[in-house]
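Here, residue 1 is the first one in the sequence, and each next residue gets the next number.
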Amino acid sequence: MAGAVAALAAAVVLAVVLTRPGGVPSATGGELFLEPASAQGRAPFTESTATVPAGAAESPAPSGDAPDRPPATGTVTTRSLTGASPGLYGGTRDTASCDIEKQVRTLSAEPAKNAAFAEALGIRPAEVPGFLRSLTAVTLRVDTRVTNHGYEDGRPTPYQAVLQAGTAVLVDDHGVPRVRCACGNPLDQPVALKPDSRRFGQPWAAYRPQETVVIRPTVVVINKITFYDARDGRWYQRPAGGAKDPDRPVPPPPVPPGLDPTRSPAATATPTGGPTPPTPPPAPPTPTATATPATPTATATPTPAPTGTGTPSRAVTPSTEPGSATPTASVRLTPVPSQEPTEPYEPTPTPAGPTPASPPPTSPTPAP
């Protein structure tokens with residue numbers, strides 16, 4: 001009897017611990033909130049401190065047309081990768097995705113929120129500014145599962161969430177997202193979802209439950225975060241902790257399956273405001289031995305054709321390919337500018353042909 005009473009009391013205590021005011025479960029895995037990159041989200045700690053437009057531009061394309069529902073078992077296996085895995089993070093070279101100092105000022109001005117923020121992260125309130133300045137601002141390139149924390153009734157309220165690719169986050173020196181910049185909410189590792197968990201929020205077009213990831217901490221401290229810049233299609237390493245050193249370009253690293261940036265629509269599109277790749281000029285036609293001499297147009301200046309071999313080519317620009325016939329000076333054509341947006345083109349001077357010999361002057365006939 002005593003054992004049954006003790007078990008009942010423990011169950012009551014557990015229910016109290018795992019239930020927020022109002023009877024809503026907290027971080028037990030019974031709820032999952034989908035949070036688009038551009039949305040502030042529920043119960044934000046602060047106003048947005050993101051410095052880049054939010055969106056799914058960094059998101060890899062879905063690998064298939066799987067429906068937005070879990071398998072028949074009711075569970076979804078989420079892939080786990082360490083924070084050092086290339087392809088998890090994106091960004092713009094030498095541009096932080098979040099304003100860390102703004103986050104520091106906002107929390108410092110509200111001690112209650114600062115204390116709740118520290119509680120969610122397991123640190124002291126006085127350590128919050130230094131903790132924030134130790135983080136690195138990047139964006140997610142893949143939908144990511146986290147434990148998010150809202151701010152309600154003066155306390156942090158944990159809940160399970162999926163952050164959309166393109167979300168601006170602050171990452172610690174073990175490669176794990178710790179702050180969501182659109183709302184200033186602290187983040188932590190997710191907990192397992194229950195088979196009958198309920199989902200809230202509107203899914204985005206590329207959302208696939210089976211393609212979300214969990215980012216686990218690295219065993220060792222990492223001093224640089226590797227990220228992909230979709231604007232110029234290059235990889236960079238960003239110094240951890242908001243150091244003032246510029247981002248350094250690095251060779252393309254080996255990327256885990258499913259995180260290939262070349263599958264991203266933004267990676268294959270022409271970057272906004274960037275240079276347009278030059279269009280290769282069309283190859284000039286090669287004259288053949290049976291070519292028919294071109295009829296001079298109104299802009300051509302005909303000259304007497306010399307006696308010899310070779311016929312003029314219709315091409316405006318002399319061909320430089322091996323074996324191409326060299327136009328003679330029998331017809332001088334005015335070059336027509338190319339209509340393709342290519343590099344400025346300077347036509348090659350046409351070699352002059354032989355000058356026809358002038359007939360000898362006629363001797364005057366003596367008068368009778």
Side-chain angles (χ1 to χ4, degrees), residues 14-45 54-56 58-60 62-81 83 88-89 116 120-121 139-153 155-171 176-217 258-259:
L14 184 63
V16 171
V17 171
L18 299 181
T19 303
R20 297 202 310 263
V24 180
S26 64
T28 63
E31 296 175 317
L32 180 65
F33 292 84
L34 305 183
E35 299 191 323
S38 58
Q40 191 175 33
R42 56 196 300 266
F45 261 77
E58 298 282 358
S59 178
S63 60
D65 295 328
D68 180 25
R69 62 174 181 270
T73 59
T75 60
V76 174
T77 302
T78 304
R79 184 166 51 153
S80 176
L81 297 169
L88 289 177
Y89 297 118
L121 295 173
T139 57
L140 297 173
R141 287 199 64 257
V142 63
D143 297 344
T144 305
R145 277 251 290 115
V146 297
T147 294
N148 203 337
H149 295 79
Y151 179 75
E152 297 178 283
D153 300 325
R155 297 291 304 278
T157 54
Y159 62 92
Q160 297 307 293
V162 175
L163 306 184
Q164 184 189 16
T167 298
V169 293
L170 297 178
V171 178
V176 177
R178 302 310 304 271
V179 178
R180 182 175 184 263
C181 302
C183 54
N185 288 3
L187 306 175
D188 205 347
Q189 292 286 288
V191 301
L193 291 175
K194 295 180 179 180
D196 58 347
S197 60
R198 295 178 298 165
R199 189 192 66 200
F200 297 87
Q202 180 65 37
W204 41 92
Y207 172 65
R208 302 289 184 269
Q210 65 274 20
E211 294 185 2
T212 60
V213 302
V214 170
I215 303 176
R216 66 179 186 271
L259 299 182

Enquirer: Using the side-chain contact (heavy atoms from CB on, under 4.5 Å) rule, take R199 and V162 through it: C-alpha gap first, then chi angles, then the decisive distance, then the call.
Expert: CA-CA 10 Å; R199 189 192 66 200; V162 175; over 6 Å; no
Enquirer: For the residue pair S80 and R216, confirm or rule out a side-chain donor-acceptor distance under 3.5 Å.
Expert: yes
Enquirer: Are any side-chain N or O atoms of H149 and backbone N or O atoms of P156, one a donor and one an acceptor, separated by less than 3.5 Å?
Expert: no
Enquirer: Q160 side chain to P190 main-chain N or O, any donor-acceptor pair under 3.5 Å?
Expert: no
Enquirer: Measure from the side-chain N and O atoms of T157 to the backbone N and O of G150, and report whether any donor-acceptor pair falls under 3.5 Å.
Expert: yes
Enquirer: Does anything in residues 161-171 pair up under salt bridge (charged side-chain N to carboxylate O under 4.0 Å, His left out), and if so which pairs, sequence neighbours excluded?
Expert: none
Enquirer: Keeping the roles fixed (side chain from T144, backbone from V142), state whether a donor-acceptor pair exists under 3.5 Å.
Expert: yes
Enquirer: Heavy atoms only: give me the nearest Q40-R180 pair and the separation to one decimal.
Expert: O-NH1, 3.0 Å
Enquirer: Side-chain contact, heavy-atom cut-off 4.5 Å: L140 with Y89?
Expert: yes
Enquirer: Has D143 got a side-chain atom pairing as donor or acceptor with A165's backbone, closer than 3.5 angstrom?
Expert: yes
Enquirer: Will you find, in the side chains of E31 and S197, an N or O donor that is under 3.5 Å from an N or O acceptor?
Expert: no
Enquirer: Examine distances only and state if a side-chain atom of Q164 and a backbone atom of A37 form a donor-acceptor pair shorter than 3.5 Å.
Expert: yes
Enquirer: Tell me whether the rings of F33 and Y159 are parallel (<30°), tilted (30 to 60°) or perpendicular (>60°).
Expert: perpendicular
Enquirer: Supply the atom-to-atom distance L163 CG to E35 CD, rounded to the nearest 0.5 angstrom.
Expert: 6.0 Å
Enquirer: Keeping R178 on the side-chain end and L187 on the backbone end, is there a donor-acceptor pair under 3.5 Å?
Expert: yes
Enquirer: For P158 versus T147, what's the shortest heavy-atom pair and its separation?
Expert: CB-CG2, 3.9 Å
Enquirer: Quick one: do W204 and L34 satisfy side-chain contact (heavy atoms from CB on, under 4.5 Å)? Show the steps, please.
Expert: CA-CA 9 Å; W204 41 92; L34 305 183; 3.8 Å; yes
Enquirer: Compare every heavy atom of C181 with every heavy atom of L170, then report the nearest pair and how far apart it is.
Expert: CG-SG, 3.9 Å
Enquirer: Judged by atom type as modelled, is there a donor-acceptor pair below 3.5 Å linking the side chain of Q189 to the main-chain atoms of I215?
Expert: yes
